[in-house]
Amino acid sequence: MINDFVTGKLGNENAEAIVPDLKDFLEEASEDDILKVFVQDRHQEDDPEMTHWGPHAMEDEEGAEIIPEFKGLANRKLPKRFYDAFYKTDLELTLKQHQIERVILTGVTTDICVQNTAAGAFYRDYDIKVVKDCTASMTKEKKESALDYMEEVFGAEIVASEEVIEKW
Ligand SMILES: [Zn+2]
């Protein structure tokens, strides 16, 4: 949830629409039990995605910063240069250091970064939940098909934020 994906270069109303629910969800997550890792797209000019999407989330630019609504909510911030938040990042090490066995995925974009991160989590044997009211895609159809894919292929449990908060 960085500026470029919500209100910036690749922003859209579906991404903006999940901000209130996702903010509530993050605020409900107790810091004692839950590590809130904000993975930030942060690109350099020679990254492969540049030819595909054009420049976005460029390092040191405002577009790569977490949206202002979420300031102060992260326990960790990890930069990434590819869709999958595990690929060439410190995410796996960070999860291991905290003995974490389950990842709960939120944010954008459901059919790109969330889905590729779910794949990364599946390959590493994590239990996966995806919070349906806290993820968004450019279209509702793309989001629904990505949720179905993650459920079928990676065994992800697709949940509502309320269900998760009740168990906390
Ligand atoms: Zn990117």
Side-chain angles (χ1 to χ4, degrees), residues 1-23 25-26 29 35-95 100 103-124 126 128-151 153-154 156 158 161:
M1 298 298 280
I2 58 170
N3 291 321
D4 267 353
F5 290 144
V6 181
T7 52
K9 288 172 185 152
L10 300 171
N12 65 89
E13 61 186 13
N14 294 331
E16 287 186 63
I18 65 167
V19 170
D21 275 6
L22 183 46
K23 188 169 192 228
F25 188 69
L26 292 165
L35 186 74
K36 289 176 274 191
V37 181
F38 283 29
V39 191
Q40 284 173 270
D41 222 19
R42 182 167 290 233
H43 287 297
Q44 297 176 17
E45 281 174 9
D46 45 1
D47 283 356
E49 279 181 35
M50 294 302 103
T51 49
H52 201 62
W53 300 102
H56 65 278
M58 304 309 290
E59 63 174 352
D60 302 328
E61 287 186 10
E62 196 57 30
E65 295 303 318
I66 302 289
I67 59 169
E69 291 89 334
F70 292 179
K71 286 249 161 74
L73 290 173
N75 301 140
R76 291 282 183 292
K77 290 183 188 175
L78 295 180
K80 72 179 183 71
R81 294 170 65 187
F82 296 88
Y83 304 139
D84 173 2
F86 285 93
Y87 188 65
K88 297 187 187 293
T89 73
D90 284 341
L91 182 55
E92 188 170 14
L93 173 63
T94 302
L95 299 181
I100 286 168
V103 294
I104 303 175
L105 303 177
T106 61
V108 293
T109 297
T110 323
D111 52 305
I112 305 175
C113 292
V114 176
Q115 183 173 317
N116 278 273
T117 299
F122 176 73
Y123 302 149
R124 292 165 179 85
Y126 286 100
I128 307 164
K129 288 186 195 290
V130 183
V131 185
K132 58 187 171 189
D133 52 312
C134 294
T135 75
S137 292
M138 289 283 188
T139 68
K140 295 225 157 43
E141 292 73 22
K142 282 185 175 177
K143 173 176 165 171
E144 288 306 320
S145 103
L147 292 176
D148 287 347
Y149 185 93
M150 289 186 275
E151 186 173 38
V153 179
F154 306 135
I158 311 302
S161 58

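Whatever order the structure lists them in is the order used to number ligands and atoms, beginning at 1. Only a predicted model underlies this, so the values are computations on that prediction, with no experimental measurement involved.
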Residues which pass salt bridge (Lys or Arg N to Asp or Glu O under 4.0 Å) with R76, listed by chain and number, not counting sequence neighbours: none
Only one of T106, I18, I66 clears side-chain contact (heavy atoms from CB on, under 4.5 Å) with M1; which? I18
Whether H56 and F5 hold their rings parallel, tilted or perpendicular, with breakpoints at 30° and 60°: tilted
In terms of the angle between their ring planes, are Y83 and W53 parallel, tilted or perpendicular, with boundaries placed at 30° and 60°? perpendicular
With heavy-atom distances below 4.5 Å as the criterion, would you say the side chains of I112 and K142 are in contact? no
Under 2.8 Å from the Zn ion (ligand 1), which protein N, O or S atoms are there? Could you list them by chain and number? D41 OD2, H43 NE2, E49 OE1, H56 NE2
Side chains of D111 and S137: is there a donor and an acceptor less than 3.5 Å apart? yes
